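Here the structure is laid out as structure tokens; the discussion comes afterwards.
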Amino acid sequence: MQYWLIKSEPSTWSWQQQLAAPQKTTHWNGVNNALALRHMRLMKKGDLAFFYHSNDGKCIVGIAEITGEFENEPNTKSGWVFVKAKDPLKQSVTLAQIKANPKLKDMVLVNNSRLSVQPVAREEWDEINRMAQ
DNA sequence: GCCAACGTTGGC
DNA sequence: GCCAACGTTGGC
């Protein structure tokens, strides 16, 4: 099982909208970056992902589950996976909190802030869940 | 295959 | 709104 972080601008697609979707499940599309797409291709059913609000929010707001693996969008390099809202975090974890935590200094979110689909290490996953209590 | 010019993301 | 840090495009 692998852990991920997926980003969305809440004005485009928010955690609240994800929760309100039928069965809480949607396509996760609109990704064009090659590295982000490579990460999406590695996603397996049952993997978990932090749902991060970029720009307006700058915080992790919930945990999503990958419910369907990568499908190519015909005639493009892009595609989608299926994502389901699993659990909200008790408390959002902000980018500022993450940056202030020395245990999280190697997080991709800190070092490559523009990457919209990123792997999260197990220890980072656990640490952020602790911070969300 | 290099690299300049341009476009985009996202934190501030 | 600005701009740094990346990515991408396309001429050569």
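In what follows, chains are A, B, ... by sequence order, proteins preceding strands, each numbered from 1. What you see below is based on every heavy atom in this structure, not just the backbone, and it leaves out hydrogens, waters and symmetry mates. The structure displayed is predicted, hence computed values, not measured ones.
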Please enumerate all residues that pass side chain to side chain donor-acceptor pair (under 3.5 Å) together with [X], with sequence neighbours excluded.
X: D126(A); answer: R122(A)
X: Q97(A); answer: T94(A)
X: W13(A); answer: Q18(A)

> So what does K58(A) touch, heavy atoms closer than 4.0 Å: a base, only the sugar-phosphate, or nothing?
Replying inline: base

> For L95(A), which contact category applies under a 4.0 Å heavy-atom criterion: base, sugar-phosphate, or nothing?
Replying inline: sugar-phosphate

> What residues, two or more places apart in sequence or in another chain, satisfy side chain to side chain contact (heavy atoms under 4.5 Å, CB included) together with S113(A)?
Replying inline: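 S113(A) satisfies side chain to side chain contact (heavy atoms under 4.5 Å, CB included) with no residue once adjacent residues are dropped.
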
>> Tell me every residue that passes side chain to side chain contact (heavy atoms under 4.5 Å, CB included) with Q2(A), counting only those two or more places apart in sequence or in another chain.
In response: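 W4(A), D47(A), P119(A).
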
> Can you pull the contact range of chain A along DNA chain C, 5' to 3', using atoms under 4.0 angstrom from its heavy atoms?
Replying inline: dA5(C) to dT8(C)

